[in-house]
Amino acid sequence: MANALPTVGQRFTNGLFSENPTFRQILGICPTLAVTYSVASALTMAGAVTFVLVCSAILISQIRHLLKPHLRILVFTLTIAVFVTIADRLVAAFLYDMSKQLGPYIPLIIVNCIIIARCEICFSKQGLVPAIGDALGQAGGHTLGLLAIASTREILGKGTWGGMSVLGDSWPAWGVLAAAPGAFLTLGLLLALVNHLTDKQAKPMWPFGALFNLLGRKRQVAPVREK
Amino acid sequence: MKKYIADAWLVIVLGLAFGAALAGVQMGLGPVIYQNKLNEALSRIPALVPHAVQPDLMKVSPDQVMLREAGSTIYYARDEKGRQVGWVIQAAGQGFADRIEVLIGVSEDVSLITGLYVLDHKESPGYGDRIATPEYQDPFNKGKVVGGELRRLRTDQPLKVTPEKTDSLHEVKALTGATISSESVAAIVNDAMAKVKPALRARAAAGQPVSGGN
Amino acid sequence: MEQVIESEPSAPVVLHVSPGPHVHSRSLSTRRMMLDVLIALAPVLVAAIAVFRLYALMQVGICVASCLAFEWLFAAMRGRRAALDDGSAAVTGVILGLSLPWSAPWYVALIGGMTAIGLGKACFGGLGQNIFNPAMVGRAFVMMSFPAMGAKAYIGSAFDVVSQATPLSAAKTHTAFADLWVLFIGNHNGSLGEVSAVACLVGGIYLCVRRTASWEIPVAAILSVALFGGIGNLMYPANAWTVAHHLLSGALLFGAFYIATDPVSSPLTPPGKWIFGAALGGLVVLIRVFTNYPEGVMFAVLIMNAVVPLINRWTIPTPVGGPWKPAKK
């Protein structure tokens with residue numbers, strides 16, 4: 001069985017790109033929509049998810065042989081809940097303002113499907129090294145997703161990036177993008193863009209086709225997705 | 001029995017280990033978080049009690065700025081001359097989702113509510129979390145217009161939560177869709193008032209200067 | 001040139017196979033319909049220019065240019081020929097321009113045009129596929145992005161009466177109610193297209209007579225506003241904001257005749273159209289009276305657009321000759 005599973009390198013790159021949690025698996029959408037109004041809050045959320053993923057990877061991959069099939073979900077949930085609580089306390093202790101801002105969304109990482117999905121798919125089946133590679137890959141993919149959405153929303157919606165002025169004071173802030181509907185619009189549009197760029201059959205859309213030609217390379221063939 | 005233990009021993013061991021780990025984290029980080037909350041509470045005092053100024057955090061240690069009475073933490077609110085102008089009571093209670101922690105500003109004789117601030121809550125986003133917005137807090141922070149006059153909520157009777165706006169100084173309007181959160185905050189305020197008022201009055205009766213401790 | 005009539009949504013109806021000769025009617029091409037709408041919009045535009053002078057022309061001009069440019073751009077991005085000559089983008093531009101206040105800065109019109117065409121239409125697959133009225137999508141986007149724009153335009157207008165007080169308290173706190181005759185002729189402030197009720201009526205009746213717009217929708221909407229406004233009137237007779245004010249003020253007539261009748265995003269069947277119009281009018285009154293927004297036509301149209309597929313399903317007509325009923329699940 002073990003030889004059929006992806007290696008640590010595959011796990012890592014899959015998480016970043018071809019199995020990107022935000023744009024490919026559409027997992028963890030609740031925090032994705034809720035905290036991406038600013039880059040700072042998105043990065044805090046991504047950091048907390050990374051912490052929980054890596055810690056769960058270490059623990060679950062070490063006890064994977066002890067797991068009883070019918071009790072495994074219980075153990076996963078228990079583990080995740082503990083690390084989320086620790087992450088919540090850490091944020092409250094060292095990033096107090098951010099903790100106030102994110103409010104219930106840090107504790108809500110407990111129900112973030114990315115983590116329990118990785119526990120089920122990878123951590124409980126593979127050893128320490130692939131598990132950590134997988135955790136880092138998924139966390140990286142999640143961070144990329146949040147960062148892409150948050151950057152779009154903050155730059156257009158407020159004219160700033162991470163609090164720094166980007167477009168200048170005369171920029172008419174597109175308030176709706178910083179508000180809740182903007183999360184759905186941005187996620188949808190970026191999702192469409194990612195799908196378009198990774199679709200092997202689609203003719204590249206106008207600016208991108210020209211860009212690909214300009215770079216003098218064929219379109220990237222998306223890696224075959226694992227079933 | 002044996003079978004159950006054979007099945008569940010991992011869960012039990014993990015539960016114990018996790019419990020210990022969380023206790024350790026709480027012991028390590030608890031004071032830091034407490035200090036964060038304290039700093040926030042102190043910084044809110046001027047907004048909660050009219051005429052109060054922010055205590056100088058550098059010079060006054062927390063023990064000196066606050067008292068512990070009847071299980072609630074009470075902060076002095078002083079004006080710039082050092083006179084006592086009111087109290088800020090830190091209180092907590094069960095909300096819809098989790099504990100809600102609030103700061104309540106009261107006048108010096110504990111008869112009027114002069115402000116409310118939600119320190120910590122985990123109420124549902126979009127519903128219960130509106131307890132931290134002016135929509136809910138305005139009667140506490142600004143008072144109510146009764147007969148064309150802006151008046152503060154009174155503490156001589158417990159606060160009630162009503163579905164509609166009323167003229168009474170003992171009633172606040174519930175948040176639509178978040179009645180339980182609204183009632184929880186009112187209950188926390190009532191509870192704190194019930195505990196704190198006798199304590200502060202006893203303090204005054206015992207001849208202790210109410211403005212002492214500094 | 002193959003002109004696909006995309007704006008005629010084809011429900012899965014019984015296919016009529018009839019012997020020739022066939023008469024080819026040019027009266028129902030997309031282009032012809034859009035031209036009709038543009039003609040019908042002319043009186044509204046004239047009224048707007050009479051009140052706001054060149055500001056009106058500039059606003060509408062920027063919106064039309066923006067809609068045409070982005071129609072071309074998004075079609076090019078999708079690798080399609082841009083159907084600029086069917087006039088649908090121009091109609092979207094004119095309606096968007098007329099729904100904006102004169103004081104909105106140029107970038108509002110530009111962004112409005114971009115979102116109307118991009119989010120409102122191209123995202124769904126182009127003309128005929130959009131479930132929401134593109135102009136209203138664009139207006140909703142800019143209105144929520146730049147709330148100051150709307151607020152500024154409404155200062156001193158008839159509508160800040162509605163924006164600040166519900167009918168319940170309006171009579172107590174406000175005395176400045178617009179004169180009905182002024183509302184009817186259109187010499188007052190507001191979004192460009194809302195100023196003159198009489199211009200909307202003239203253009204709207206032309207549209208209905210030409211059958212470019214279904215008469216059921218505006219009639220149902222106006223009756224419904226009259227009904228609900230009338231109930232409000234009866235409940236609070238002291239209120240100076242009467243049902244006539246409801247009917248003549250704001251974007252109600254403009255929206256009922258030009259926006260709600262968009263053939264793509266309104267129901268297909270006559271009963272559906274009645275339901276659509278009546279619910280639209282009810283929502284308009286609801287939003288005007290009970291929310292913080294001064295005007296409810298835009299949101300009412302968008303909400304009702306979202307319900308259109310459901311209305312279509314409820315009102316599947318029985319084909320001639322058969323007691324056929326839609327299969328129940």
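Throughout, a chain's letter reflects where its sequence line sits, starting with A, and its residues are numbered from 1.
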### Task
Could you tell me whether the side chain of Leu71(A) reaches within less than 4.5 Å of the side chain of Val11(B), counting heavy atoms only?
yes
#### Entry: Among the listed options Asp129(B), Asp7(B), Val32(B), the residue most often paired with chain A at heavy-atom distances under 4.5 Å
Asp7(B)
### Summary
What one should report as the nearest heavy-atom pair of Phe18(B) and Thr79(A) is CE1-CA, 3.6 Å
### Message
More than 12 heavy atoms of other residues, nucleotides or ligands under 6.0 Å from CZ of Phe96(B): yes or no?
### Response
no
#### Entry: Heavy-atom donor-acceptor pair, Asn36(B) side chain to Ala92(A) backbone, under 3.5 Å
yes
### Query
Out of curiosity, Ile106(A) CD1 to Lys122(B) NZ, how far, rounded to the nearest 0.5 Å?
10.5 Å
### Query
Given a strict heavy-atom distance threshold of 4.5 Å, which part of Val13(B) is in contact with chain A: side chain, backbone, both, or neither?
neither
### Query
So, do Phe94(A) and Leu29(B) sit near enough that their side-chain heavy atoms are less than 4.5 Å apart?
yes
### Query
How about Leu95(A): does its CG atom have over 12 heavy atoms from other parts shown lying under 6.0 Å from it?
yes
### Query
Are Val82(A) and Leu14(B) side-chain neighbours, meaning at least one heavy-atom pair lies under 4.5 Å?
no
## Note on the structure
Closest heavy-atom pair, Val25(B) versus Arg89(A), reported as atoms and distance to 0.1 Å, is CG1-CB, 4.0 Å
#### Entry: Residue part contacting chain B, namely of Leu90(A), when any heavy atom lies under 4.5 Å
both
### Query
Side chain, backbone, both or neither: which part of Leu78(A) has an atom under 4.5 Å from a heavy atom of chain B?
both
### Message
Within the structure provided, determine whether Lys68(A) and Leu10(B) are in side-chain contact (heavy-atom separation under 4.5 Å).
### Response
no
### Query
Where does Ala17(B) contact chain A at under 4.5 Å (heavy atoms): side chain, backbone, both or neither?
neither
#### Entry: Proximal component of Gln26(B), with respect to chain A [non-hydrogen, under 4.5 Å]
side chain
### Query
More than 12 heavy atoms of other residues, nucleotides or ligands under 6.0 Å from CE of Met164(A): is that the case?
yes
